[in-house]
Engineer: 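Mind looking over this structure? Questions follow.
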Amino acid sequence: MAPATREQAEKAASLLLTLQKIEKELTSRLKEWVKENGAIQVGDMAFGPTLVVSYDFETQQIVHNLLEAGLDREEIWPLLSITKTNLEKGLRKPRRGDLLELVLSSTTGKISERIDFRKLRL
């Protein structure tokens with residue numbers, strides 16, 4: 001369904017939004033069913049639980065271990081990453097949100113475009 005006019009695009013967007021809401025609700029209900037009854041196979045796909053391992057790294061300990069193993073600090077820095085969200089959360093704890101602008105002013109922001117639904121502020 002490729003829209004050719006604004007009216008068709010609006011109808012397509014309305015349909016997409018409705019499908020996304022249905023998908024969210026259906027996924028939620030299906031997850032509950034799968035939790036109680038087990039995975040479901042559909043063709044060559046399965047809908048069910050998958051074990052995921054995540055780690056809470058202690059940065060200081062990792063850096064210490066890598067230094068002890070013979071890596072230079074210059075080799076370690078690229079391994080450590082930080083996001084704006086992590087920085088905001090980290091500065092909130094010691095109540096130093098004022099430092100966020102200082103840090104952001106020393107770096108270059110990357111602008112990208114995303115096309116999806118967002119709530120309008122009316």
Side-chain angles (χ1 to χ4, degrees):
M1 189 172 159
T5 66
R6 174 166 285 283
E7 182 179 303
Q8 289 175 348
E10 289 172 353
K11 286 181 180 179
S14 177
L15 177 59
L16 179 59
L17 188 57
T18 301
L19 289 172
Q20 287 176 346
K21 288 179 181 178
I22 290 171
E23 178 191 21
K24 186 176 179 180
E25 184 63 30
L26 184 57
T27 301
S28 174
R29 292 180 183 189
L30 193 53
K31 281 181 181 180
E32 289 301 316
W33 191 92
V34 165
K35 284 179 184 177
E36 291 180 23
N37 301 289
I40 301 165
Q41 184 173 342
V42 180
D44 64 347
M45 303 285 289
F47 186 84
T50 303
L51 296 179
V52 177
V53 178
S54 62
Y55 300 91
D56 289 326
F57 292 118
E58 177 58 45
T59 309
Q60 289 178 331
Q61 186 63 49
I62 291 171
V63 170
H64 173 75
N65 291 346
L66 294 175
L67 288 170
E68 289 288 315
L71 286 181
D72 294 327
R73 286 192 186 278
E74 290 73 29
E75 294 173 295
I76 296 173
W77 282 116
L79 303 176
L80 307 174
S81 68
I82 189 166
T83 64
K84 182 179 179 234
T85 303
N86 289 350
L87 184 60
E88 288 170 328
K89 288 179 182 177
L91 291 173
R92 197 175 306 135
K93 194 173 187 177
R95 299 185 191 279
R96 292 305 314 258
D98 58 304
L99 295 176
L100 182 62
E101 285 305 316
L102 173 69
V103 173
L104 293 180
S105 68
S106 68
T107 188
T108 305
K110 179 176 71 172
I111 297 174
S112 60
E113 182 177 68
R114 190 174 77 187
I115 297 176
D116 59 4
F117 287 103
R118 66 187 181 286
K119 194 77 168 169
L120 294 177
R121 294 182 183 151
L122 301 175

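Residue numbers start at 1 and run along the sequence shown.
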Engineer: Using the rule that Ile, Leu, Val, Met, Phe, Trp and Tyr join whenever any side-chain heavy atoms are under 4.5 Å apart, tell me whether Val63 and Tyr55 fall into a single cluster.
Structural biologist: yes
Engineer: Applying side chain to side chain donor-acceptor pair (under 3.5 Å) as the test, list every pair that has at least one member in residues 56-65; sequence neighbours left out.
Structural biologist: Gln61-Asn65
Engineer: Rounded to the nearest 0.5 Å, how far does CZ of Phe47 lie from OG1 of Thr27?
Structural biologist: 5.5 Å
Engineer: Quick check: closest heavy atoms across Leu71 and Leu67, and the distance to 0.1 Å?
Structural biologist: O-CD2, 3.5 Å
Engineer: Suppose the criterion is side chain to side chain donor-acceptor pair (under 3.5 Å): which pairs have a residue in residues 109-122, not counting sequence neighbours?
Structural biologist: Arg114-Asp116
Engineer: Do any pairs count as a side chain to side chain donor-acceptor pair (under 3.5 Å) and have a residue in residues 87-106, sequence neighbours left out, and if so which ones?
Structural biologist: Lys84-Glu88, Arg96-Asp98
Engineer: As an exercise, state the distance from CG of Asn86 to CG of Leu91, rounded to the nearest 0.5 Å.
Structural biologist: 10.5 Å
Engineer: Taking all atoms of both residues into account, what is the closest heavy-atom pair of Leu79 and Glu75, and its distance?
Structural biologist: CG-O, 3.7 Å
Engineer: With clusters built from Ile, Leu, Val, Met, Phe, Trp and Tyr whose side-chain heavy atoms come within less than 4.5 Å, directly or transitively, what are the remaining members of the cluster of Leu26, listed by chain and number?
Structural biologist: none
Engineer: Decide whether Trp77 and Phe57 are clustered together by the hydrophobic rule: side chain heavy atoms of Ile, Leu, Val, Met, Phe, Trp, Tyr closer than 4.5 Å, transitively.
Structural biologist: yes
Engineer: Is any side-chain N of the basic residue among Glu25 and Arg29 closer than 4.0 Å to the acidic one's carboxylate O?
Structural biologist: yes
Engineer: Distance from Ile76 atom CD1 to Ile62 atom CD1, nearest 0.5 Å?
Structural biologist: 10.5 Å
Engineer: According to side chain to side chain donor-acceptor pair (under 3.5 Å), does anything in residues 32-41 pair up with another residue at least two apart or in another chain? List the pairs.
Structural biologist: none
Engineer: Can you give me the closest heavy-atom contact between Gly48 and Ala39, atom names plus distance?
Structural biologist: CA-CB, 3.9 Å
Engineer: Determine whether Leu30 and Ile22 fall in the same hydrophobic cluster, where Ile, Leu, Val, Met, Phe, Trp and Tyr are linked whenever their side-chain heavy atoms lie under 4.5 Å apart.
Structural biologist: no
Engineer: Could you work out the complete set of other residues in the hydrophobic cluster of Leu17, with links drawn between I, L, V, M, F, W and Y side chains under 4.5 Å apart?
Structural biologist: Leu16, Phe117
